Amino acid sequence: MKRIVYYTLFQLLLLSACYTLFTDINDSLIVGKWIGVYTVVVVMILYNILAYKNPFTSAESLYRLFAVSMLIINIVVSVHCLLQLTAILPNNTTFPATAGFDNPAGVAATLTSTYPFVFLLYKTNAKNNLFAGILFALNILILFLIESRSGLLSLTAVYVCYIVLSVKSPKKRFLFGILTLLTISIAVFVLFQRKTASTVGRSIILKTCFEMIKDAPLFGYGPNGFAANYMMYQAEYLKQLSGTNIQLLADNINHPLCEYAIITVNYGLVGLAVILTLCFSLCCYLYKQKGVIYKTTLLVLCGIMVLSMFSYPFRYPITLISILTLLLLVVLEKLDLSKASVIITPKTLFSIKCIVLIAVIATLFSFIPWFTAQTRWYKLSTSLDNTTAESKHLTEYEALLSSLGRSEYFLYNYAVELHYAGYDDNADRIMHLCEAKRRDYNTTLLRGDIYDKLNNFQKADSCYKLCSDMCPARFIPLYNRFNLYKQRQDSTMMKQIGNEILNKPIKVSSKEVRSIRLKIRQEMLGL
């Protein structure tokens with residue numbers, strides 16, 4: 001009975017790592033999942049301490065527990081997507097379906113990370129192999145309906161690898177290997193031809209990343225290098241494409257949609273070489289081993305490596321849960337710790353349990369202040385503005401600075417609050433901290449607004465112009481420049497910018513854009 005309780009709790013907590021565990025923190029769709037990961041790790045440790053008299057159980061028994069849980073996650077996420085696609089469950093995003101994630105990329109990462117656990121059914125009867133095929137078809141259907149090209153590509157690669165590993169004949173294995181290369185090549189061509197605009201947008205990002213890599217090829221720009229520098233490079237790159245429709249495809253970018261690209265930008269070619277060497281060495285080692293744990297680990301690695309070419313799977317904790325747990329099981333399988341009970345005495349084992357339990361509790365308590373700060377930030381950011389409580393509101397933000405000051409999102413949010421409250425000198429101070437970690441369209445636009453309030457015309461105009469260079473399709477920077485020159489009564493520049501706004505192609509029609517163009521037409525009549 002006790003094992004059933006632990007088993008159920010373990011599965012529920014794994015699911016919590018996929019969906020939002022806590023909703024009263026900012027960026028809950030992402031941060032909540034990392035809290036879920038933390039909880040799962042803690043419970044896994046406690047499970048092995050308390051559920052077994054001898055925690056040194058076999059790796060294969062732990063694998064079966066984990067594998068069944070991951071397959072359940074796969075089915076739950078797939079069904080959730082289907083229910084959203086049929087409007088039975090609500091979907092609060094602009095995408096066809098996202099399950100509990102912020103983006104279809106989360107669904108792709110989840111299905112790619114969990115499907116390889118069908119290897120649990122390896123060397124079993126035809127019914128189980130039929131289940132593997134049906135689950136693959138369901139996953140492919142979901143990825144097709146949510147239009148996740150990267151997910152289709154990675155899952156196809158996983159399934160072909162699964163077939164290759166299941167074939168014993170070397171000749172057939174070689175043929176399936178060739179088939180894998182052909183399948184991936186054709187899939188890349190077909191999938192990226194379906195959305196030419198998206199493909200062009202991706203090419204702009206990769207070309208811009210290449211320009212960044214040329215300036216810092218060996219060791220990159222550091223951990224926040226991409227976030228702090230990419231949009232500046234994009235602005236320069238897009239200037240070369242002035243007058244072309246390609247500019248309309250550029251937007252504010254937070255990730256290059258390629259894990260290898262962001263690794264190279266942040267840590268240079270040296271960092272990329274280290275990562276690729278480790279991955280390929282591990283894949284070669286796993287391929288030579290026999291056993292279900294090794295083969296599943298190989299499939300997960302292959303799937304994530306393919307997905308990393310066109311997406312950002314490591315933004316979603318389920319990816320790390322899958323990989324790290326499997327690597328731990330590989331180590332346990334190799335060491336065969338089930339024999340450790342012969343060596344370790346009951347008294348020593350009790351001491352080990354106590355030490356681990358104390359470490360878990362200490363880690364949990366060290367996590368509480370961060371969670372408390374996140375909760376306070378959420379309440380502040382969602383509360384209605386109240387002028388009578390404005391001073392207290394900002395005082396609480398300042399108090400949170402020591403706890404959350406390393407988060408560029410918190411810094412940006414705090415600067416916005418200071419700006420709207422009229423404390424632009426302090427907002428400028430906070431923005432200096434924020435831009436050291438992230439400098440993009442939003443931070444530059446806010447910086448321009450701050451300089452405008454501080455009556456620094458030259459810097460405000462420079463920021464708005466930079467925003468237009470970063471994202472040429474946006475109308476707000478031009479409209480803000482128009483108002484700047486209106487304050488200076490510069491009719492010549494007002495006409496120039498006004499005509500630019502009226503003649504600019506509209507990427508996505510919206511009420512805001514129509515309102516801006518209407519106001520500009522009215523202003524231009526009076527010039």
Side-chain angles (χ1 to χ4, degrees), residues 18-19 29-30 33 70-71 73-87 89-118 134-162 183-203 205-206 249 251 253-262 299-320 322-323:
C18 295
Y19 294 91
L29 286 172
I30 301 302
K33 295 181 181 66
M70 297 300 272
L71 289 175
I73 288 173
N74 185 296
I75 296 171
V76 168
V77 171
S78 298
V79 172
H80 192 170
C81 282
L82 282 176
L83 293 176
Q84 286 184 331
L85 288 165
T86 54
L89 287 180
N91 176 22
N92 298 322
T93 68
T94 58
F95 302 102
T98 59
F101 301 96
D102 62 326
N103 193 292
V107 178
T110 301
L111 299 186
T112 302
S113 300
T114 55
Y115 179 78
F117 288 90
V118 296
I134 292 174
L135 184 61
F136 173 73
L138 175 63
N139 288 177
I140 287 293
L141 175 64
I142 294 299
L143 293 171
F144 177 77
L145 293 175
I146 67 175
E147 300 177 357
S148 175
R149 298 167 297 167
S150 56
L152 285 169
L153 184 60
S154 61
L155 195 62
T156 300
V158 168
Y159 189 65
V160 175
C161 289
Y162 172 75
T183 302
I184 292 176
S185 300
I186 294 172
V188 168
F189 178 78
V190 172
L191 292 174
F192 282 87
Q193 286 297 316
R194 284 180 59 86
K195 294 183 177 179
T196 54
S198 176
T199 303
V200 173
R202 286 172 180 265
S203 69
I205 297 172
L206 292 178
L249 301 175
D251 207 343
I253 303 300
N254 296 314
H255 194 284
L257 305 178
C258 175
E259 296 286 5
Y260 304 110
I262 199 169
L299 289 184
V300 171
L301 280 176
C302 288
I304 296 303
M305 287 175 69
V306 172
L307 188 60
S308 294
M309 296 179 187
F310 313 105
S311 186
Y312 36 82
F314 289 101
R315 184 180 182 183
Y316 302 97
I318 191 64
T319 305
L320 283 178
S322 181
I323 291 178

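This structure is a prediction, so every number in the text was calculated from the model and none was measured. Position 1 is the first residue of the sequence, and the numbers go up from there.
Between Phe136 and Tyr162, every side-chain heavy-atom pair lies at or beyond the 4.5 Å cut-off. Under the 4.5 Å side-chain criterion, counting only non-hydrogen atoms from C-beta, Asn139 is in contact with Asn74. You'll find the side chain of Cys81 stays beyond 4.5 Å of the side chain of Leu145, heavy atoms only. Using a 4.5 Å heavy-atom cutoff, the side chains of Thr93 and Asn103 are not in contact. At least one side-chain heavy atom of Glu259 sits less than 4.5 Å from a side-chain heavy atom of Pro313. Taking 4.5 Å as the limit, every side-chain heavy atom of Thr114 sits out of range of all side-chain heavy atoms of Leu71.
In this structure, Ala108 and Ser148 approach most closely via the heavy-atom pair CB-OG, 3.5 Å. Nearest heavy atoms, Val77 versus Leu111: CG1-CD2, 4.4 Å.
Here the straight-line distance linking atom SG of Cys258 with atom CD1 of Ile262 works out to 9.5 Å at 0.5 Å rounding. Atom CD1 of residue Ile142 and atom CG of residue Leu82 lie 3.5 Å apart, to the nearest 0.5 angstrom. Rounded to the nearest 0.5 Å, atoms CZ (Arg202) and CG (Leu257) are 4.5 Å apart. Here CG of Leu152 is found 5.0 Å from CD1 of Ile140. Values are rounded to the nearest 0.5 Å. A distance of 8.5 Å separates OG1 of Thr98 from CD1 of Ile146, quoted to the nearest 0.5 Å. For the atom pair Asn254 CG and Tyr312 OH, the distance stands at 9.0 Å (nearest 0.5 Å).
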Evaluate side-chain contact (heavy atoms from CB on, under 4.5 Å) for Ile318 paired with Met70, printing each intermediate quantity in order.
CA-CA 9 Å; Ile318 191 64; Met70 297 300 272; 3.8 Å; yes
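Within the 3.5 Å criterion, the main-chain N or O of Pro96 finds no donor-acceptor partner in the side chain of Gln84. Checked by atom type and distance alone, the side chain of Asn91 pairs as donor or acceptor with a backbone atom of Phe95 at under 3.5 Å. Panel note: side chain Ser113, backbone Thr110; no donor-acceptor pair is recorded below 3.5 Å.
The aromatic rings of Phe101 and Tyr316 sit perpendicular to each other, their planes meeting at more than 60°, with 30° as the lower class boundary.
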Solution key, residues 300-310 side-chain donor-acceptor pairs under 3.5 Å, sequence neighbours excluded:
residue, atom, partner, partner atom, Å
Ser308, OG, Ile304, O, 2.7

